[in-house]
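Comments concern the structure below.
Per chain, numbering begins at 1; letters A, B, ... match sequence-line order. The figures here come from the full heavy-atom set of this structure, side chains too, leaving out hydrogens, waters and symmetry mates.
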There are 2 protein chains.
Amino acid sequence: MNQALDQYPKPSVTVDCVIFGYAAGQLSILLMQRNEAPFAGSWTLPGGFLQLDETCEAAAKRVLSTKTNINDVFLEQLYTFDRPARDPRGRVLSVSYFALVNSEQFSLAAGQAARDVRWWPWEQLPELGFDHAEIIAKAIDRLRSKVLWQPIGFELLTPPFTMPELQNLYESILKTTFDRRNFHKRIMGLGILQHVGVRRANERRRPADLFVFDEQQYHNLLQKGLEFKI
Amino acid sequence: MNQALDQYPKPSVTVDCVIFGYAAGQLSILLMQRNEAPFAGSWTLPGGFLQLDETCEAAAKRVLSTKTNINDVFLEQLYTFDRPARDPRGRVLSVSYFALVNSEQFSLAAGQAARDVRWWPWEQLPELGFDHAEIIAKAIDRLRSKVLWQPIGFELLTPPFTMPELQNLYESILKTTFDRRNFHKRIMGLGILQHVGVRRANERRRPADLFVFDEQQYHNLLQKGLEFKI
DNA sequence: ACAAAAGTGTTCTCCTTACACCCATGA
DNA sequence: TCATGGGTGTAAGGAGAACACTTTTGT
């Protein structure tokens, strides 16, 4: 290690992931129950220490893959949490990440450092260790503002999905209600959905039409941004 | 230091500040010329190593104050840059900060680690050390998107200022032009400006009206957000 | 046949945009 | 008095919001 750098004290650095999933009409966050001190028994965000030869994003992907068995998802840096007392063991920075997942797509697996891995409804979270409640609050802010500019809501749904499902997702996130007709017009106006047919009749009422993404248009919009004011 | 933490390797952590100022119709960024290796002679963002008993924001304020003689400005965390090779000395994370300054309000002072401290027009920057060009690019993105939602443009102007000055600032940042009348209507509609009188007649042409902020309304809007689509 | 949820089109209103003339000053 | 930039209001157009009836299915 370089001497010029060693004259300055170094903090530990961890990477923590706020993973949003959506299933059965519920927006949820993935948490792990810790086996070890500090906060043994508490629920916390999946996380781990940064290794010196990997980027933080690579560390986040490693954590997702090894600790929760989730791969290839939407991931972006959220914020760096840095309160000196946030970890009782010493000075630890947390570079946090924000992830969106089709929660139906993965079967969870608890690693050795955790007793349990579980989806928790975002509005009924358990007691959280460290400052993870604060990290989650920031992630929810990010989700709310991001959903207005990028079609990220779609990352959470497993296609094919129905228009009422999509509307319910947006309404959950933004805590509001939309007019069905205006919502339909707006979404279809984006040109990223393709009608694929009528739902197999296993619902209690009239089945809804099914849609999938036009991948091409979808990725255009992800970059260009949209203006989702409804 | 705690043994549980020491089993993991630790990176160095620095804090770097992208400081925007506005004077003489020019949006500028504050840079320092390095005295020391690596990148001696190159221009870089003001920055320094994080100390273990301070938050990153406190470190950023310390850097601003000691290295550039700037205090009490708008400051927020921008992003954490983490490419393993970004510093030739070893693994160094940079937690970067975004600052807006009334550049006329401060007289700059070079500290011992720098030959020179200077405002550079944001579109004609010199060769930059480390990955600071990348950091600045991210800061400009942030400035552009933030200016649409929060009345931050005002942080850059020294009151009292004129409507054409404000318009020019917005046009510089967003690289566009606005209709004078519509701009005036929009801004006044926010209710955060107070008319204070007519400029002393030292201009070459008809003097413009002068405005200051209504601090109360201004801070309301800073938090609530506005929708500045013009 | 009835209850429950889904599909669809039109009107009105308000916000956005486009646009032209008069005014104040310095030279 | 003339050239330059600053101040102001109105009219037309477009996007958003409000709104009701018909359709499909399961019971």
Considering only side-chain heavy atoms of B:Asp179, which listed nucleotide, D:dG16, C:dT25, C:dC19, is closest?
C:dC19

Mind checking whether B:Phe161 and B:Phe213 have ring centres under 6.0 Å apart?
yes

Rounded interatomic separation in angstrom, taking CZ from B:Phe183 and P from D:dT8
14 Å

To the nearest angstrom, the CD-P distance between B:Glu165 and D:dG5 comes to 15 Å

Of the candidate nucleotides D:dC19, C:dG7, D:dG6, which contains the atom at the shortest distance from the side chain of B:Arg206?
D:dG6

What is the distance, rounded to the nearest whole Å, between atom CG of B:Asp209 and atom P of C:dC23?
15 Å

Rounded distance (Å) that lies between atom P of D:dC19 and atom CZ of A:Arg180
14 Å

Parallel, tilted or perpendicular, as decided by the 30° and 60° cut-offs, for the rings of B:Phe178 and B:Phe183
parallel

From the list D:dG5, C:dG9, D:dG7, which nucleotide is the closest neighbour of the side chain of B:Pro164?
D:dG7

Atom CE of A:Met188 to atom C1' of C:dT8: distance rounded to whole Å?
13 Å

Using the side-chain heavy atoms of A:Ala208, tell me which of these nucleotides is nearest: D:dT8, D:dG5, C:dA6.
C:dA6

A:Arg205 atom CZ is separated from C:dA5 atom P, nearest whole Å, by 6 Å

For B:Asp82 and A:Thr55, what are the C-alpha separation, side-chain angles and deciding distance, and is it a side-chain hydrogen bond (donor to acceptor under 3.5 Å, both in side chains)?
CA-CA 6 Å; B:Asp82 63 342; A:Thr55 61; 4.7 Å; no

Indicate yes or no: at least one non-hydrogen side-chain atom of B:Pro126 is less than 4.5 angstrom from one of B:Trp43.
yes

Specify the separation, in whole Å, of atom NE2 of B:His184 and atom C1' of C:dC23.
14 Å

Whole angstrom value for the distance that separates C1' of D:dT22 from CZ of A:Arg181
12 Å

Picking from D:dA17, C:dT16, D:dG7, the nucleotide nearest the side-chain atoms of B:Arg186 would be C:dT16

